[in-house]
Amino acid sequence: MRNVTKRFPGVVANDSVDLTIESGEILGLLGENGAGKTTLMNILYGLYSADEGEILVDGAVTKFDDPGDAIAAGIGMVHQHFMLVPVFDVTENVVLGVEPTVGPVGTIDMTEARREVQEISTQYRLEIDPSATVEDLPVGIQQRIEIIKVLFRDAEIIVFDEPTAVLTPQEVEDFFGIINGLKESGKGIIFITHKLGEILEIADRIAVLRRGKVVGEVVPAEATEEQLAEMMVGRPVDLVVEKEDADPGEVVLSVTDLLVRDDRQHTAVDRVSFEVRSGEIVGVAGVQGNGQTELVEALTGLTVPLSGMIHLGGENVTLVSPRFMHRNSVAHVPEDRQRSGLILDFDVAENLVLNSYYDEPYSHGIRMDWDYAHQHADQLIDQYDIRTPSSTVKVSSLSGGNQQKLIVAREFSRDTKLIIASQPTRGIDVGSIEYVHARIVAERDAGAAVLIVSSELDEILALSDRILVMYRGRIVAEVTGGEATATELGLYMAGLST
Amino acid sequence: MTAVAGTADFVRAPAEIRRARILGIVYLLLATVVFLFFAVGTEGDVTFRLGDQPGDLDFTVSAQVLATFTAVVFAFLGGIQLTKGFGAKTNVVLAIAIGLFAFSFLGWAAAGKSLSLIGMLGTTVALAAPIAFGALSGVMCERVGVINIGIEGMLLTGAFTGAVVGTVMSPLFGILGAAIAGGLMALALAVLAIKYRVDQIIAGVVINIFALGLTSFLSSQFLVENASGLNNPGVLGPIRIPLLAEIPVLGRILFDQNIFIYVMYLLVAGMTYGLFKTRWGLQSRAVGEHPKAADTLGINVFRRRYINVFLGGLIAGFGGAYFTLGSVGAFNENMTAGRGFIGLAAMIFGRWHPVGALGAALVFGFADSLQVKLGILDTGIPSEFLLSAPYLVTIIVVAGVVGKARPPAADGQPYIKE
Ligand SMILES: Nc1ncnc2c1ncn2[C@@H]1O[C@H](COP(=O)(O)OP(=O)(O)OP(=O)(O)O)[C@@H](O)[C@H]1O
Ligand SMILES: [Mg+2]
């Protein structure tokens with residue numbers, strides 16, 4: 001890519017970017033939220049057209065009018081926000097556009113398709129049920145589908161836009177195995193992540209973007225996490241969370257014998273009991289798909305459990321609505337920001353009051369006070385460093401990490417008694433993670449009970465005072481925060497130790 | 001904490017449980033209604049004729065016995081529904097129950113007389129056809145995410161073109177012309193909706209107004225004066241399908257019809273197969289559910305939408321020709337009388353599925369033929385009420401029982417790149 005520039009109203013997303021990728025190489029692409037990584041990749045993939053600059057494949061200037069052209073030129077991409085059709089099953093999503101067919105009218109050979117998907121799934125250890133409906137699956141599994149999709153298509157240059165944001169350490173290891181294999185077979189890989197350790201481990205070369213410009217290229221051997229972080233955000237970043245020991249108070253959330261079925265009537269949460277006290281952070285670790293999603297949905301009123309009880313501050317809240325939970329100072333950061341955290345067609349200010357617009361001071365009787373809402377938005381944008389041209393742009397135009405920051409800002413900006421956060425820092429850059437983690441600890445110290453569900457062990461280990469491990473719908477272990485190690489948790493998570 | 005429990009908030013039960021309960025209660029209510037109105041005090045036998053000639057294949061019961069039997073069955077179904085439920089068979093049971101209800105209703109209305117059931121069912125299929133074509137056209141368009149409110153106008157244009165071309169050239173060319181006319185209107189809709197991103201509802205309404213105005217104007221200017229030269233295509237007669245028409249009862253109803261009805265069967269089968277078994281169908285549905293995802297996989301969203309909307313127009317135009325070439329034999333102003341809109345309702349009722357759409361169209365067709373029958377039978381109940389009863393049942397069924405019918409996720413949304 002030579003001299004690529006892309007402007008959106010109010011922002012220059014890419015500013016004369018030069019980037020090369022060789023075959024048999026893994027290029028790491030770093031940059032803070034909103035730096036322009038996704039935009040640059042979308043240009044390469046033919047989804048956006050550049051305002052200036054050109055793309056050269058094997059030395060020849062090429063023009064991609066739409067992704068079809070890019071695919072034909074051998075480019076594949078795993079998108080940051082999944083491009084999956086929710087009502088289709090896994091196989092249909094994987095083969096869409098390149099379906100194996102038989103007969104004169106293009107009948108899809110579903111048996112063959114399922115077999116091929118199963119084969120890739122086994123070969124690369126991306127465990128999946130080829131006939132599950134996508135909308136029923138947790139984000140970690142959806143991530144696997146996206147990876148399978150690009151493997152199925154057999155491209156020469158493959159872009160992975162934050163594929164590891166929701167994977168567990170073990171899955172990340174497997175994934176690295178996959179991309180190393182692809183690299184050896186001569187493919188060019190572009191890998192985007194906010195996890196600096198990962199990029200140092202896997203990349204051959206690292207390019208850093210800041211505010212649309214390439215600010216540097218380094219080789220991993222000559223870089224440290226601290227240096228990279230500083231290159232990205234332009235200031236030193238504190239990578240460890242500072243926190244005092246917890247001082248747990250009374251029980252805020254108490255869960256007894258909770259049994260939840262998923263949409264396919266399988267038992268997802270299997271008679272789980274635990275408590276969260278005020279002033280402590282409880283982390284729930286586990287490989288995606290072991291019931292965490294359903295647990296959180298039941299706790300926040302989004303699903304009705306089959307049996308069991310949920311108490312909030314002594315009151316039975318097993319069957320209340322999500323609105324009731326919000327009104328009772330429960331904050332919820334959902335695992336899938338675009339599906340259940342945001343209304344993409346609403347603007348930033350509107351999204352920032354989704355959980356409180358119906359109360360003072362945002363509305364008086366039936367009238368909304370938009371002036372106040374915008375003032376409130378501007379303040380949060382500033383406080384949480386949400387990169388947006390203004391509070392009146394649609395959230396769909398924000399970068400992924402900034403969408404996430406918006407949700408965190410909305411949920412943490414009210415009085416909270418209980419915080420339930422799934423993958424709270426998914427896709428957020430190191431600088432902002434520092435801030436979000438500090439906020440979580442501050443909320444705890446102010447007396448909130450915090451429940452964090454994350455597939456990222458580092459986050460669980462860094463924040464939790466107590467850690468619960470979920471495996472096949474059950475809590476198989478409880479460990480004290482300071483004493484746990486990643487290896488120990490990993491064994492529990494894999495069901496290898498009880 | 002502030003205790004606001006039980007104020008503005010409510011306990012939610014899962015939607016399915018609620019629906020199962022509503023359905024159970026509806027069964028019990030219907031049992032009561034059937035018993036009180038159709039059984040108590042009803043006298044005389046009713047004869048349902050299933051053969052061609054009176055006495056051929058008659059089936060006589062006491063109307064009271066029939067109604068009592070129905071009431072008992074409904075009470076039984078209600079009981080099961082409220083306790084165990086029917087699980088996956090709920091809708092099948094429901095369909096059979098509705099049929100039984102209609103039966104006992106007819107028994108009561110025709111007590112002491114005889115009734116040609118076979119004639120009624122044949123009429124049902126015929127009256128359902130235009131509704132079904134409208135619904136199939138809707139399925140075609142909405143599956144790729146384009147709402148087509150203009151189906152009514154496309155039917156009307158098809159009817160007009162079919163009459164004129166059918167008279168001037170031949171009925172077969174009439175059919176062809178009608179389909180093309182519908183297709184052209186659909187292309188206009190497609191350009192407005194896809195290229196210019198005009199609100200699709202408004203674009204559809206414009207098409208309807210345009211079609212009504214144009215056909216009415218041309219009809220009053222030219223057809224009225226020269227009816228024999230321009231508006232006298234003749235009706236395409238029924239074609240007996242050899243073996244199939246010999247099947248007792250069903251053969252007469254289904255396989256002794258004109259070409260339009262056979263095309264309808266083929267369309268339903270073809271579209272079902274196409275949409276759910278072929279790559280065309282998978283890609284089309286992807287475009288209607290998540291156009292961006294389809295785009296990232298190299299599927300041309302715009303082209304797919306243009307093609308399918310055009311195909312939908314062909315279907316509606318073809319269905320329009322049924323009015324002039326398949327049933328009436330001449331064009332009259334606004335002769336479609338809202339069938340296109342009922343077709344849209346059938347599409348929703350049928351959950352955007354070709355088979356469901358046909359089934360729903362048959363329900364509406366049955367309601368239509370019931371109206372015709374009730375006009376002949378003297379029931380003593382205000383006819384206005386009787387006429388609305390089938391629709392009332394439909395509304396209850398759609399609203400409370402069929403469950404959430406989910407349109408394609410991107411239905412009605414223009415696709416914008418970037
Ligand atoms: N479709 C769009 N319309 C308007 N502005 C956009 C659009 N897409 C991206 N932007 C803007 O372009 C800038 C770069 O966004 P981009 O998504 O490329 O960031 P990113 O580096 O991928 O960030 P993240 O790490 O958060 O995913 C942001 O300021 C964003 O608001
Ligand atoms: Mg991004």
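Proteins come first, then strands; the chains are lettered A, B, ... in the order of their sequence lines, and each starts at number 1. Keep in mind that this is a model prediction, so the values were computed, not measured.
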#### Entry: Approximate separation, where rounding is to 0.5 Å, of Phe276(B) CZ and Glu92(A) CD
10.0 Å
## Note on the structure
If you tally heavy-atom pairs under 4.5 Å between each of His81(A), Met77(A), His79(A), Met110(A) and chain B, the highest tally belongs to His79(A)
### Where Leu297(B) and Arg153(A) come nearest, the two heavy atoms and their spacing
CD2-NH1, 3.5 Å
### Message
Within this structure, what is the CZ-OG1 distance for the pair Phe82(A) and Thr296(B), rounded to the nearest 0.5 Å?
### Response
13.0 Å
### Query
Which residue out of Gly76(A), Pro86(A), Gly97(A), Ala70(A) racks up the most heavy-atom pairs below 4.5 Å with chain B?
Gly97(A)
### Query
With only heavy atoms counted, which part of Asp345(A) is less than 4.5 Å from chain B, the side chain, the backbone, both or neither?
neither
### Task
Over all heavy atoms of both residues, which pair between Arg279(B) and Ile108(A) is shortest? Give the atoms and the distance, please.
N-CG1, 3.4 Å
### Exceeds 12 heavy-atom contacts within 6.0 angstrom, atom CD of Glu135(A)
yes
### Contact class of Thr101(A) relative to chain B, heavy atoms under 4.5 angstrom
side chain
### Query
Counting only heavy atoms not in Ile259(B), do more than 12 fall under 6.0 Å of its CD1?
no
### Summary
Closest non-hydrogen atoms of Tyr273(B) and Val105(A), given as atom of the first, atom of the second and distance, are CE2-CG2, 4.0 Å
### Query
Nearest heavy-atom pair of Ala286(B) and Leu96(A): which atoms, and what distance?
CB-CD2, 3.4 Å
#### Entry: Arg303(B) atom CZ: more than 12 heavy-atom contacts under 6.0 Å
no
#### Entry: Spacing of Met83(A) atom CE and Lys292(B) atom NZ [to the nearest 0.5 Å]
4.5 Å
### Task
Just give me the residue among Val87(A), Asp415(A), Asp66(A) that pairs up with chain B most often, heavy atom to heavy atom, under 4.5 Å.
Val87(A)
### Query
Most heavy-atom pairs under 4.5 angstrom with chain B, which of Asn42(A), Val95(A), Ile71(A)?
Ile71(A)
### Query
Taking side chain as C-beta onward, heavy atoms only, is Arg285(B) less than 4.5 Å from Val85(A)?
no
### Task
Pick whichever of Ile299(B), Leu282(B), Asn300(B) has the most heavy-atom pairs under 4.5 Å with chain A.
Leu282(B)
